[in-house]
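Working notes, structure below.
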Amino acid sequence: HYPLRRQRQMCIRDRDPFCKYAKMAIHVRKFIDSILPGLYSLKKTYPDTKKMAAKVDSIILTLIDFKDKTEDYVQQKNKGIKLLISKGLI
């Protein structure tokens with residue numbers, strides 16, 4: 001009885017747009033964590049090219065900003081509480 005109930009709950013959660021967004025945010029955040037070291041390395045590889053360093057910095061800041069803005073969604077998903085989209089984090 002319990003496994004069937006749990007499976008039904010997961011199906012309902014999978015149809016929930018908030019749950020889908022939170023899952024996507026988790027995957028994107030992991031991807032960002034995996035590429036940030038490479039971006040920092042790229043920046044160090046070309047220290048004399050200020051224009052390129054500025055572009056890499058911009059990319060890094062954008063990725064970090066995304067992670068910061070999605071932190072609330074990830075925490076709320078982990079708690080099982082819906083966060084209103086109208087909060088303006090997306």
Side-chain angles (χ1 to χ4, degrees):
H1 180 271
Y2 175 73
L4 182 60
R5 184 172 146 220
R6 181 167 169 76
Q7 181 181 5
R8 214 175 25 237
Q9 287 173 343
M10 289 182 72
C11 290
I12 291 168
R13 276 189 240 130
D14 288 343
R15 284 186 247 138
D16 180 7
F18 170 77
C19 191
K20 287 181 181 181
Y21 178 79
K23 283 182 184 179
M24 186 237 8
I26 290 169
H27 292 296
V28 171
R29 290 165 59 87
K30 287 179 183 177
F31 176 71
I32 290 170
D33 288 339
S34 72
I35 65 170
L36 279 177
L39 290 170
Y40 286 118
S41 177
L42 178 65
K43 188 176 153 187
K44 288 180 183 179
T45 303
Y46 301 99
D48 297 331
T49 312
K50 291 181 181 184
K51 190 173 181 180
M52 183 169 177
K55 288 182 181 186
V56 173
D57 278 339
S58 176
I59 293 167
I60 290 170
L61 290 174
T62 301
L63 295 174
I64 291 172
D65 187 46
F66 175 85
K67 285 184 66 175
D68 289 345
K69 287 184 177 184
T70 58
E71 181 64 27
D72 285 344
Y73 283 100
V74 172
Q75 287 179 3
Q76 294 300 323
K77 181 188 180 298
N78 290 338
K79 291 179 183 178
I81 301 170
K82 285 189 176 184
L83 181 65
L84 295 175
I85 293 175
S86 63
K87 189 172 180 181
L89 294 177
I90 57 171

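- In this structure, Ile26 CD1 and Arg29 CZ are separated by 8.0 Å, a value rounded to the nearest 0.5 Å.
- Scanning both residues, Leu42 and Met52, for their nearest heavy atoms gives CD1-CE, 3.6 Å.
- Between atom CD1 of residue Ile59 and atom CD1 of residue Ile32 there is a gap of 12.0 Å, rounded to the nearest 0.5 Å.
- Residues Val28 and Lys67 form no side-chain contact, since every pair of their non-hydrogen atoms from C-beta on lies 4.5 Å or further apart.
- Within the model, atoms NZ of Lys30 and NE2 of His27 stand 6.5 Å from one another, a figure rounded to the nearest 0.5 Å.
- Side-chain atoms of Tyr40 and Pro37, non-hydrogen and from C-beta on, never get closer than 4.5 Å to each other.
- Val56 and Leu39 make their closest contact through CG1-O, 3.4 Å (heavy atoms, listed as atom of the first residue, atom of the second, distance).
- Open room surrounds CZ on Phe31; 12 or fewer heavy atoms of other groups in view lie less than 6.0 Å from it.
- Residue pairs meeting the side chain to side chain donor-acceptor pair (under 3.5 Å) criterion with at least one partner in residues 49-65, sequence neighbours excluded, are Lys43-Asp57.
- When side chains are defined from C-beta on, Leu63 counts as touching Ile35, because their heavy atoms get closer than 4.5 Å.
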